Every structure is written in C-alpha cells, then in structure tokens.
Amino acid sequence: MEIASKLHFIDWIILSITLIFIVAYGAYVTRKNSNVTDYIKGGNDSKWWTIGLSVMATQASAITFLSTPGQAFHSGMGFVQFYFGLPIAMVIICLVFIPIYHKLKVYTAYEFLEGRFDLKTRSLAAILFLIQRGLAAGITIFAPAIILSAVLGWDLLTLNVIIGFLVIIYTVSGGTKAVNVTQKQQMIIIFVGMLIAFFMIMSQLPENITFTNALEIAGASNKMEVLDFSFDLSNRYTVWTGILGGTFLMLSYFGTDQSQVQRYLSGKSVRESQLGLIFNGLLKVPMQFFILLIGIMVFVFYQFNPSPLNFNPTANEEVLNSKYIAEYQQLEAEHIRIENSKKALFLDGFQDDEKEEIQELNTKDLLLKVKSKEIIDKINKENTLDKIESNDKDYVFIHFILNNLPRGLIGLLLAVILSAAMSSTASELNALASTTAIDLYKRNVKEDKEDAHFVKASKWFTLLWGLIAISVACIANLFDNLIQLVNIIGSIFYGNVLGIFLLAFFFKKVNGKAVFSSALITQIIILLIYYFAIYVYEDKDLEPIISYLWLNFIGCILVLFLSLASVFKAINIQSKVTLIISSLAIFKITFDVLNDVSLNITHVVSLIVLFLFLGYFNIEKTTSNGTENH
C-alpha cells in the first residue's frame, strides 16, 4: 500500500527499540516474584505515582489515542464531559472501597464478597467480570490492529499475534509488578509522544495563525463547545450525563473491576493507594481535554491543507474499485471546492461576520461526508467477505501522523499507540488470571497448596487468557460494531456488580441469599431491556428507547431495590417507607419511558436521592446497634 512507504528505517528502529525495551524491562525487574503476594499484589510496595500512572494506563487503551482526536475532529470538545463523574467516583472509592479492601487484605475485589455474603455471590460477581473483561481484552488488541492494518498494509492476524504475545511475555513473567512498572514507562512515552504531536501540528499551521487564531477558527465551526447544560439525558455528552451517569460508570469500573482494583491493591499503604487514585482523578480530565485539543488542532490543520472525503484508506480503495466510482468522485470534487472556499476565508484571518458563511460550508461538507458513507455502506452490504468501516473517526489522527510528521516521529507515535494497546491488555490479562486463580481455582481446591503452586497456576491462567484474547482479536472482524458491543456488554454487567458491592458496604441487613437471587433477576431484566428497548430498535435503524449507557445505572438501582425488598421484614420503618416510595417512583418512571417520555434528570435524581436515604437509614441503624452492643 502506498501509505506504508511513509514508514522509514529510522521509524522502524524507534518503534522496535521502544517495544523491546518495555517488554525486557518488565520481565527483568520482576524476575524474582516467588509468592502470591508478590505476583498478584506486586509485593504491596507501589508508590502513589506508580499507582496513578498504572490506573491511567489501564483505562487509556490504544483506541483512546486513535479515536479521541477523531471524535474532536468530527464532533468537537463535548466528549470531555463524559469524564466529569470520574473525580467524584475517585473520592468515593478512596473513602469507602480502599480502606475496606486493605483492611481485609484481599487479593481480588470479589474475595471480599464471600466474607460479607457467601461463596456463590463471590463466584457470580467473578464470572460476570470474566465474561465481559475477557471479551474486552480481545478488542483491546483488535482495535488498534485493524486500524494499523488498514493504514500500513500490515497483515491483521500477524498484528494481533504480535501485540498479544509481547504483552504475554512480561505479564506471565512478572505479574502485577511487571504490569505496574511497564505502565509507568508506557505513560511517559505516551505523554511525550502526544506533546510532540501537539507542537508539530502547531508548527505546520500557516505563520500568521497563532494558537488563539486556531481556537477561533475551530470555534467558528462549533468545535469549541465544551459544556452542554441541556437536561436531555438521551444526549450522551452533557454535563449532567457526565456527572450522573459518568459517576456510576466510573464507580463500577474503578471500584469493582479487578483490572483497576488490582492496580491500587498493590499500594504500599491505604494512603499511597488513595493518593494514586486522587492523582488519576485530577489528571484524567485534563489529559482527555488535551487529547481532544490535539484533534481540534488537526481539524484546524486540515482547514489549510487537503483532506480526504473519508480518512479510511481501505474504504477509499474499495470505492475506487466499485461501480460507484463516478458518483464518489463527484462528491470528492465538491469537497475540494468547499475546502478551497474555507481556506480563502481563513488565510486572511478569521472575521466574525464570516462565521455564518463558514457554518454553511461546513453543513454542505457534512452532507457530502454522509453521502460518501452511504456509498461505502452500500459496498459493505454487497461485499460479504470483508467488512468495511464507513465511520472514519479512528483514522483521522493516524492519517495525519503518517502523512505530515517527519521521520522518527512517526515511529514514536506508532510506539505510543502500541504502548497504549499493550498497557491496557496487560492489566486485563493480569486481572483475568488473578480472578480465575484466586476466586475460582484456589477457592475450590480442597487440599492445601504452597504459594509456588498458585503463582505457577496464575502464570498458566495468564497465558490461557492471553491466547483467548488473541483468538477473540483474530475472529473479531466477523462481527459488526464490536468496539461498541464491548461497551454495551460493560454497561449490561457493571451496574449489577456495583449494586452488589454497595449492598455489601452499606446495607448490613441484606444477606447472601437475597443478593444472589436479586442479582440473577436483575441480570435477566437488564438483558431483556437491552434486547427490547435498544437492540430491536437499532436493528430497524430507529432511535432506541434509552441509551445503553444508562443500563449501568438501571442495573445498580434494580439489584439494590430487589435485595432490600427481599429482606423487607428485617429493615427499619424508615427504610420500609422509603422503599415503598422508591417502588412507586420506579413504576412511574417505567410508565413514562414506555409512553415515549425519555429518561430525564428528574427521574434519575429522584431515584438517587431515595436510595441515598435508604443507605443513610441503614447506616444509622447499624451504628445504633453497634453502640447498644457495646
């Protein structure tokens, strides 16, 4: 492929040295891990900055650095609102989750559930985690591989295997400590790479265009609208969906997902773990803002330089070899004409009275892009062998890197992308192996075994999950919208698991039998809601009744409600009254949603307030009992 020639010898050297250093360093510094504490909890000697960077690296997969700039390029800065709930979630986890996990000296989050409830509840939570995170590990490998394969012409299966085995080498060798120490190096490479990319973009803008001018140009195309205070919760990216829905999502992910919990369980003390998460909470939103800003600067760059109608080179290649070539070339000609018109307006500096004309040109260009995607989708339906992605947001940044950065920097930025893929995959494999070894294998082995046996078992489970992840990555192209599917699976399972943990922390009257049955019923209800309220509608190209992002919130509320209803006789009078009011609120909200009244902020806030009262009444009861007993 023509674009593959952009990769020069110096790029290959930088890319190879970076990846080999990470793998070798991770394997070398952790070569003496001999017991379960060292292997799974990293010896409990991680400092707060190591924890903070490791937590960030686990969440920041390659798709973060490929998709996020493209998201800003197409839709502007509004996506940053998705992370507004993260700092709130970090504070709650620091105050509630971390002290309990450290006090009980657990190896996994789900180990705590057996002590509080019973073995079957622990096993259920562990299995729910293994299902969704096992699939996610494969997609973490597949997502960058499919994009790099398309733009560089590399073989997709080979890329999947290379990324997977590089991670397996040091994760099997060193366990949690290897993951933590390599993620620290990976995040440094990522930060340096993104900073260089930003300054390189700025240096390639026309001399008379300053950073302020660039922001004005982006603002003229409505790309700088960061905050949306509208109360429409069907819109994924508003301040309120970020704060409300985002807090529940981040609480679920950082508080109950073993791939994250394992990062801060390795802390030297409660304080180190808490500081690590606060560090993540303070830095994550600015980091996402900066990555989005890079996408905005790429947008400004292409106001002065030619850009393709669709950034996916494979899609363009398929169109040029199809019967739609003449129609597509007409669209391209019109796209070039619009680009030249905008360039003429911007070259002499942006004027306020030109904003309306610019927005009119943007609207016309957007229509052309929609028509081009329709052509690509037609070809995709006719071509039953290979899937072609018409949505090109994942290809915007990589297109800029390969076509506009100098030798050496291309290799560094590719190293950034692959480092991000490796860091997320390593955390996932490490957590999958730990959960399998501790929650399923060790718990069900009857005879006593030495630590060395469980370390060896963890290594074999890491290898097994690594091979499963590579296998998922290799067959991933058989499915449509797989990345979105993983997010949906997370939303389906996360809320239920978060609800189980909240019951364990705050509702002392709820027993294991009530939680287990309620969690099973909740999971069935969530699957039915997804199928009938989302999947059936989207399959017919209709707007779903609710966004899948709210399944997380619904799952959490449902398992809390059903568990408390199961022990209705045991709870105090205040809790009974609040639970009855909550049931009426749930029926009213269900009635509204079924009658075309979309889920709104009143619905969400009313349920949150009611269940906060339920938690408060139960904590008060527990405290008074504790005092009386003393």
Side-chain angles (χ1 to χ4, degrees), residues 19 22-23 26 54-68 70 129-150 154 156-172 176 178-180 182-183 186-187 189-190 249 253-254 257-263 291 389 394 397-398 414-436 461-479 481-491 493-494:
L19 297 183
I22 288 170
V23 174
S54 185
V55 165
M56 288 178 70
T58 297
Q59 190 183 21
S61 67
I63 210 68
T64 303
F65 301 98
L66 287 168
S67 289
T68 309
F129 164 74
L130 292 173
I131 292 170
Q132 65 93 14
R133 188 49 62 187
L135 180 56
I139 306 313
T140 307
I141 295 172
F142 173 75
I146 187 74
I147 295 161
L148 293 173
S149 169
W154 297 350
L156 178 58
L157 291 179
T158 306
L159 264 173
N160 286 330
V161 172
I162 288 172
I163 295 171
F165 272 102
L166 282 174
V167 175
I168 286 171
I169 289 168
Y170 67 82
T171 310
V172 169
T176 296
V179 174
N180 286 352
T182 52
Q183 284 182 327
Q186 285 161 333
M187 282 309 295
I189 293 165
I190 287 166
L249 182 63
Y253 177 52
F254 289 99
D257 188 305
Q258 181 62 18
S259 65
Q260 283 292 4
V261 173
Q262 199 154 333
R263 307 282 68 77
I291 296 170
E389 181 61 69
D394 295 342
F397 190 46
I398 193 75
L414 287 177
V416 166
I417 292 163
L418 289 172
S419 291
M422 288 163 61
S423 66
S424 292
T425 308
S427 292
E428 287 163 344
L429 297 187
N430 187 218
L432 286 163
S434 301
T435 303
T436 309
F461 284 130
T462 304
L463 177 61
L464 174 64
W465 279 110
L467 294 174
I468 291 171
I470 292 171
S471 302
V472 170
C474 288
I475 63 165
N477 60 337
L478 300 178
F479 302 90
N481 300 319
L482 200 59
I483 294 166
Q484 182 175 329
L485 176 62
V486 172
N487 290 330
I488 290 169
I489 288 172
S491 296
F493 291 119
Y494 270 151

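Model, not experiment: these values are computed from the prediction. In what follows, residues are counted from 1 in the order of the sequence shown.
In plain terms, the two heavy atoms of S427 and S259 that are nearest each other are O-CB, 3.9 Å. In plain terms, the two heavy atoms of L156 and F142 that are nearest each other are CD2-CE1, 4.1 Å. The shortest heavy-atom contact between G138 and A473 is O-CB, 3.4 Å.
To the nearest 0.5 Å, atom CD1 of residue I141 and atom CD1 of residue I162 are 12.0 Å apart. From T68, atom OG1 reaches atom CG of D394 across 9.0 Å, with rounding to the nearest 0.5 Å.
Inspection of the Q262 and S434 side chains reveals an N or O donor paired with an N or O acceptor under 3.5 Å.
Every residue two or more places apart in sequence or in another chain that forms a side-chain hydrogen bond (donor to acceptor under 3.5 Å, both in side chains) with T140 is listed here: E428. Partners of F461 by ring pair (Phe, Tyr, Trp, His ring centres under 6.0 Å), not counting sequence neighbours, listed by chain and number: Y441.
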For W465 and L130, run side-chain contact (heavy atoms from CB on, under 4.5 Å): C-alpha distance rounded to whole Å, both residues' side-chain angles, the deciding distance at 0.1 Å, then the answer.
-> CA-CA 10 Å; W465 279 110; L130 292 173; 3.9 Å; yes
Determine, step by step, whether L467 and F165 satisfy the side-chain contact (heavy atoms from CB on, under 4.5 Å) criterion, reporting the C-alpha distance in whole Å, the side-chain angles of both residues, the deciding distance to 0.1 Å, and the verdict.
-> CA-CA 8 Å; L467 294 174; F165 272 102; 3.9 Å; yes
Please step through side-chain contact (heavy atoms from CB on, under 4.5 Å) for the pair Q132 and D257, ending with a clear verdict.
-> CA-CA 10 Å; Q132 65 93 14; D257 188 305; 3.5 Å; yes
Under the side-chain contact (heavy atoms from CB on, under 4.5 Å) rule, what do F129 and L432 come out as? Steps first, then yes or no, please.
-> CA-CA 8 Å; F129 164 74; L432 286 163; 4.1 Å; yes
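Using a 4.5 Å heavy-atom threshold, the side chains of L414 and I398 count as touching. Counting only heavy atoms from C-beta outward, the side chains of I168 and T462 never approach each other to under 4.5 Å. Using a 4.5 Å heavy-atom cutoff, the side chains of F493 and I131 are in contact. The shortest side-chain heavy-atom distance between Q258 and N430 does not fall under the 4.5 Å cut-off.
N160 places no side-chain N or O within 3.5 Å of a backbone atom of I470 that could act as its donor or acceptor partner.
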